[in-house]
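What follows is a set of notes on a single structure, which appears directly below.
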Amino acid sequence: RYDILADKATTTWEMPLAVMDSTLFNRRGLDLDAANMVTRDVLAQCRRFGGAAVMLWHSVLWDEMDHPGWGAHFLETLAQAATHQARVASLHAALSDWLGMPFTTA
């Protein structure tokens with residue numbers, strides 16, 4: 001939120017991805033159990049430090065032939081979030097809550 005080169009604050013917010021389905025399964029080659037464990041660990045760290053976890057699932061998650069386990073991983077992550085009463089929200093809503101005021105875009 002700060003432009004070092006211009007030495008001024010900006011209106012840009014960056015919320016990097018903490019978990020992405022294709023990274024877990026394709027890039028890291030994890031199976032469903034290992035992917036669930038990694039995701040549980042990310043969520044646990046967010047609870048521990050009061051952070052936010054930005055996660056991305058692609059629209060192919062229900063294609064079991066080409067993307068086995070992706071849908072089950074999504075459902076397990078939602079179950080974990082519900083168990084720990086995590087807030088699931090859009091980035092817009094999360095930023096509005098974080099800032100304590102409505103978040104607007106230019």
Side-chain angles (χ1 to χ4, degrees):
R1 196 169 138 99
Y2 191 82
D3 183 339
I4 294 171
L5 296 176
D7 193 26
K8 68 177 186 174
T10 71
T11 58
T12 302
W13 282 84
E14 180 179 350
M15 296 186 74
L17 288 174
V19 173
M20 183 169 64
D21 53 9
S22 60
T23 299
L24 295 172
F25 292 101
N26 292 347
R27 300 284 185 240
R28 294 184 63 188
L30 302 179
D31 64 13
L32 177 58
D33 290 337
N36 284 335
M37 185 172 61
V38 166
T39 304
R40 279 192 299 272
D41 288 345
V42 168
L43 293 173
Q45 291 300 314
C46 286
R47 285 192 307 279
R48 181 175 176 206
F49 294 104
V54 177
M55 300 184 181
L56 171 65
W57 286 270
H58 292 87
S59 59
V60 298
L61 63 97
W62 301 119
D63 180 354
E64 277 298 309
M65 183 181 298
D66 291 329
H67 306 284
W70 291 28
H73 175 258
F74 175 73
L75 294 175
E76 173 61 21
T77 302
L78 289 179
Q80 285 294 312
T83 296
H84 295 285
Q85 299 177 331
R87 177 141 190 273
V88 177
S90 68
L91 287 175
H92 185 274
L95 280 172
S96 292
D97 288 351
W98 197 356
L99 295 171
M101 64 181 122
F103 177 74
T104 59
T105 58

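As the structure is a computational prediction, the values presented were derived from the model and not from experiment. Basis for what follows: all heavy atoms, side chains included, without hydrogens, waters or symmetry-related copies.
Residues H73 and V19 have side chains in contact (heavy-atom distance under 4.5 Å, counting atoms from C-beta outward). Looking only at side-chain heavy atoms (C-beta outward), M15 and L95 come within less than 4.5 Å of each other.
Atom CG of residue L56 and atom OG1 of residue T23 lie 8.5 Å apart, to the nearest 0.5 angstrom. Remark: L32 CG to L24 CG distance equals 10.5 Å, nearest 0.5 Å. Atoms SG and CG, from C46 and D41 in turn, are 11.0 Å apart once rounded to the nearest 0.5 Å. For the atom pair CD of Q80 and CG of N36, the computed distance is 8.0 Å after rounding to the nearest 0.5 Å. For the atom pair CH2 (W57) and CG (L75), the distance works out to 10.0 Å, reported to the nearest 0.5 Å. Here the CG-CZ distance, from D31 to F25, works out to 8.0 Å after rounding to the nearest 0.5 Å.
Between V42 and A53 the shortest heavy-atom distance is CG1-CB, 4.1 Å. Annotation for A93 and S90: closest pair N-OG, 3.1 Å, computed over non-hydrogen atoms. Scanning all heavy atoms of the two residues, the minimum distance from E64 to G71 falls at OE2-N, 4.3 Å. Residue L17 comes nearest to M55 through the heavy atom pair CD2-C, 4.2 Å, listed as atom of the first residue, atom of the second, then distance. What you find for P16 and V54 is that their closest heavy atoms are O-CB, 3.5 Å.
For R87, the CZ atom is densely surrounded, since the number of other residues' heavy atoms within 6.0 Å is greater than 12. Crowding of R28 atom CZ: a count of heavy atoms from other residues, nucleotides or ligands under 6.0 Å not exceeding 12.
H58 and W70 are not linked by any side-chain donor-acceptor pair at a separation below 3.5 angstrom, with hydrogens and angles left out of the test.
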For this session: Please lay out, stage by stage, how T39 and E76 fare under the test side-chain contact (heavy atoms from CB on, under 4.5 Å).
Result: CA-CA 9 Å; T39 304; E76 173 61 21; over 6 Å; no
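Residues L78 and L43 are members of one and the same hydrophobic cluster, defined by side-chain heavy-atom contacts under 4.5 angstrom among Ile, Leu, Val, Met, Phe, Trp and Tyr.
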